[in-house]
Amino acid sequence: MIIFLREKFIAQLFMWIIAIVFLIGTVFLYSNTRGGGEDPEGEVVLRIDGTEVKRGEFENAVANALESERQNQRFGTPDREQTQKSVIDRWVQQTILGSVDIADADVRRYIRSDANRVQQYNLYEQFGAADIYTGNIRLQLSSAALRDSIQALELVTDTEAEQAYRLESDKAKVKFIEFKHSDYNSTVEVDDAEAEAYYEKNKDDYKSQEQVNVKFIRVNPANFVSDSVVKEYYDANRSTFTTPEAVKARHILKKFPDNATDEQKAETEAAAEELLKTVNTALAAGADFATLAEIHSEGPSAARGGALRGSNPKLPAGDYFARGEMVKPFEETAFDVLKPGEVSGLVETQFGYHIIKLEEKKAPETQPFAQVQYEIQQKLVQVSGVDEAKRISDDLLYEIEIQDYDAALAHENYKNLSLTVLETGFFSRDATTIPQIGARWGYEGLIEDVFDMEVGVIKVIEAKKRTGEIEAYFVATVLEKKPAAIPPFAEVKTEVIEALKEEKTAALALTDAQSLFNQHVSDESLEGLLKKYNAPEDLTTDRLSVQESNLFSLSANSNYISGMGNSAEAMFAAFRMKIDEIAGPFKGDSSVYILQLVERQEPDVEAFQMDPAEKTRHLQTLIQAKKREAYLNWFAARKKVSELWIHPDYR
């Protein structure tokens with residue numbers, strides 16, 4: 001029977017019947033649950049000023065954010081609703097900041113202007129993610145253009161600079177006794193009943209997401225493109241992998257006035273001849289052409305020393321251009337007349353008169369095979385490898401439906417393909433890494449498909465790179481599903497106990513510090529107070545000492561006290577205390593503190609007013625802060641008037 005069904009016609013007929021039945025069932029299912037047959041992953045869930053975000057890409061972004069938060073969070077699970085809100089905010093921000101139209105040529109020019117950026121681009125391109133890198137560059141350039149236009153008019157007065165100096169120069173220093181939470185670990189015990197009660201009170205912190213366990217065979221299109229095929233393609237298409245003839249040149253432009261008359265052009269020519277004499281005299285005296293271009297050129301490249309950069313993607317990094325990228329008279333002079341190091345006479349173009357210096361010539365070069373091998377291989381994968389991988393996957397599906405995974409792979413057709421049956425183990429929809437497979441961003445569509453599948457169904461899933469190219473096919477079966485649920489206490493017992501211990505040690509440190517502080521009398525030093533300390537059972541008295549911080553300023557952006565630790569309470573209290581006053585206890589991130597103010601450094605306003613360098617430093621700092629504030633205010637106002645629509649599922 002099996003041999004009979006393996007005959008292609010019968011097998012395909014059999015699977016077409018199954019497909020039709022499945023299709024009818026699917027249409028019925030979606031017509032009753034979604035109101036139509038549209039792909040749920042393609043549904044628009046966010047619209048910002050005409051920019052649309054679809055459910056699939058939004059869920060991917062939320063999943064990545066949740067995983068990042070989970071890695072930075074010791075206990076419990078991140079709040080999904082709050083994460084969704086943060087993702088929406090970031091999408092709105094990127095849409096607004098990316099609203100300036102940046103041409104592709106400008107993006108390429110910016111990347112090629114820096115060897116590190118070229119290297120980063122090539123790395124992204126190897127992984128099929130070049131569009132991600134260029135998208136980020138486009139966003140940077142757009143954001144910078146907006147920021148420059150918004151911040152241009154901000155000013156700072158001397159009075160504002162003095163106020164900033166007063167705040168920065170007002171410093172304090174404290175002595176302190178530190179009660180570390182961790183010191184109390186040995187004194188804390190948590191029994192099962194207590195832990196379970198804590199768990200019942202904080203159940204939502206331990207809620208897990210829906211999970212699936214998937215059995216699969218991965219069919220990789222790249223495995224169907226051999227090195228010999230890649231080499232054959234290279235040999236047959238060498239011209240495709242040849243860099244263009246290129247030159248590196250600088251120029252000084254004497255520009256024609258807009259809509260210049262013949263008389264104005266004659267005047268420009270006369271001025272250009274005088275400029276040529278000036279340039280030649282300066283060069284003879286040892287001047288640098290780039291410096292002369294910055295001084296004399298009237299073209300947009302003056303700021304770059306007259307350097308020019310083309311947009312041909314095959315150009316090397318730096319200020320090169322190829323034939324066809326400059327106006328004809330300029331191109332002919334640079335490519336056909338000048339030798340490296342030579343400076344031209346006046347060259348007339350539609351823009352005016354140019355003085356050109358040729359710095360370097362590069363002949364066309366055929367890129368070595370090793371340099372372009374990956375590029376060719378990826379191209380051929382999409383041309384032929386994908387088709388073969390899809391055919392193999394479909395055939396495997398037939399065999400698995402009839403038999404099982406292992407029996408299918410034992411078939412003669414698949415023995416030499418190095419295919420393996422694997423199992424993911426349980427993972428959640430928001431996982432950033434798919435067990436046994438890899439990072440989710442490299443296999444778009446895979447997670448969405450397996451979570452939409454019913455248990456026991458076998459399916460061929462097409463997984464794509466972010467560029468939209470096919471990365472692999474998966475013949476997959478969902479073996480088991482675990483619904484989203486709060487796990488039983490036994491499964492999270494260790495996490496619960498650790499969280500409760502942390503809470504208890506913080507409370508014990510505060511109680512111990514308060515007990516000591518209650519013994520304080522007036523005119524007593526911190527050292528004198530410490531002598532009264534009686535350690536709780538199982539703790540030693542000598543673990544505590546009087547320590548001293550460094551001088552620190554009051555900060556609205558940080559609660560770190562240099563030489564002591566993080567405590568917003570202690571920082572703000574220190575600036576309200578009198579010299580030698582003892583106060584506390586104050587809670588910190590991982591300790592409790594009792595303080596004594598020992599030094600207060602007042603700002604010397606007169607010295608500030610007599611010190612131009614210090615005043616300039618504060619003016620520069622303030623202007624940057626003002627520019628940042630102006631930008632943030634603009635952004636908040638722009639966001640307020642943006643046309644934002646959010647799908648009801650995410651409001």
Side-chain angles (χ1 to χ4, degrees), residues 102-138 218-248 309-325 362-392 417-418 437-446 462-473:
I102 304 296
D104 291 345
D106 293 331
V107 174
R108 291 195 296 268
R109 190 176 295 112
Y110 181 76
I111 292 172
R112 287 209 316 277
S113 67
D114 182 85
N116 288 332
R117 285 195 287 267
V118 172
Q119 186 176 12
Q120 289 175 344
Y121 174 84
N122 291 337
L123 183 62
Y124 273 74
E125 190 174 40
Q126 285 182 11
F127 289 95
D131 64 320
I132 297 174
Y133 185 71
T134 54
N136 288 337
I137 293 296
R138 194 183 304 278
R218 170 178 171 155
V219 185
N220 190 347
N223 293 340
F224 301 100
V225 178
S226 66
D227 290 345
S228 61
V229 170
V230 174
K231 185 64 165 62
E232 287 173 13
Y233 184 90
Y234 173 78
D235 291 337
N237 298 275
R238 282 179 178 268
S239 61
T240 307
F241 306 105
T242 301
T243 60
E245 180 186 9
V247 295
K248 180 184 284 188
R309 187 177 298 130
S311 57
N312 189 312
K314 291 189 176 182
L315 286 170
D319 297 323
Y320 293 92
F321 58 90
R323 288 186 185 272
E325 295 194 293
K362 277 187 174 289
E365 294 178 356
T366 300
Q367 296 169 279
F369 175 66
Q371 187 176 331
V372 296
Q373 183 177 3
Y374 179 83
E375 176 190 339
I376 298 171
Q377 194 258 359
Q378 290 301 299
K379 180 177 181 178
L380 294 180
V381 163
Q382 297 303 314
V383 171
S384 59
V386 164
D387 290 343
E388 183 63 12
K390 181 66 166 66
R391 185 188 68 78
I392 294 291
L417 297 182
S418 301
I437 294 174
R440 71 177 293 152
W441 63 266
Y443 301 90
E444 292 195 347
L446 179 57
E462 181 182 273
K464 294 184 177 181
K465 304 175 184 179
R466 283 192 171 178
T467 56
E469 296 175 333
I470 295 169
E471 173 64 23
Y473 289 98

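Heavy atoms only: backbone and side chains are in, while hydrogens, waters and symmetry mates are out. We number each residue from 1, following the sequence as shown.
The shortest side-chain heavy-atom distance between Val247 and Tyr320 does not fall under the 4.5 Å cut-off. Inter-residue side-chain proximity for Val229 and Tyr233 is flagged as unmet; no heavy-atom pair is nearer than 4.5 Å. For the pair Val107 and Ile102, the minimum side-chain heavy-atom distance is below 4.5 Å. Residues Tyr473 and Val386 are in side-chain contact: their nearest non-hydrogen atoms beyond the backbone lie under 4.5 Å apart. The shortest side-chain heavy-atom distance between Ile111 and Tyr133 falls under the 4.5 Å cut-off.
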Salt bridge (charged side-chain N to carboxylate O under 4.0 Å, His left out) assessment of Arg138 paired with Asp106: CA-CA 9 Å; Arg138 194 183 304 278; Asp106 293 331; over 6 Å; no

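Of the inter-residue distances, the one linking Thr134 atom OG1 with Arg117 atom CZ reads 13.5 Å to the nearest 0.5 angstrom. With values rounded to the nearest 0.5 angstrom, Phe241 atom CZ is found 3.5 Å from Ile376 atom CD1. Ile137 CD1 to Gln120 CD: the interatomic distance, rounded to the nearest 0.5 Å, is 7.5 Å. Interatomic distance, CG of Asn237 versus NZ of Lys379, reported as 7.0 Å (0.5 Å rounding). Atom NZ in Lys465 sits 5.0 Å away from atom CD in Glu471 (nearest 0.5 Å).
Between Asp227 and Gln373 the shortest heavy-atom distance is OD1-NE2, 3.8 Å. Between Ala222 and Val381, the closest heavy-atom pair is CA-CG2, 3.5 Å. Looking at every heavy atom in both residues, Leu315 comes nearest to Ala246 through CD2-CB, 3.7 Å. Taking every heavy atom of both residues into account, Pro316 and Lys362 meet most closely at CG-CD, 3.8 Å. Residues Ser311 and Arg108 come closest through the heavy atom pair O-NE, 3.1 Å. Contact record, Lys314 with Pro244: CB-CD, 3.7 Å, taken as the closest heavy-atom pair.
Residues forming a side-chain hydrogen bond (donor to acceptor under 3.5 Å, both in side chains) with Lys390 (at least two apart in sequence, or on another chain): Asp394. Looking at residues two or more places apart in sequence or on another chain, you find a salt bridge (Lys or Arg N to Asp or Glu O under 4.0 Å) between Glu245 and Arg323. Partners of Asp387 under the side-chain hydrogen bond (donor to acceptor under 3.5 Å, both in side chains) rule, at least two apart in sequence or in another chain, do not exist in this structure.
Under 4.0 Å is where a charged nitrogen must lie from a carboxylate oxygen, and between Asp235 and Lys231 at least one such pair does.
Checking Gln367 against Thr243 by side-chain atom types alone, no donor-acceptor pair falls below 3.5 Å.
Of the possible donor and acceptor atoms, one in the side chain of Glu325 sits under 3.5 Å from a partner among the backbone N and O of Ala322. Between the side chain of Arg218 and the main chain of Ala472, no donor-acceptor pair closer than 3.5 Å is present. With hydrogens and angles disregarded, a donor-acceptor distance shorter than 3.5 Å links the side chain of Gln382 to the backbone of Ile470.
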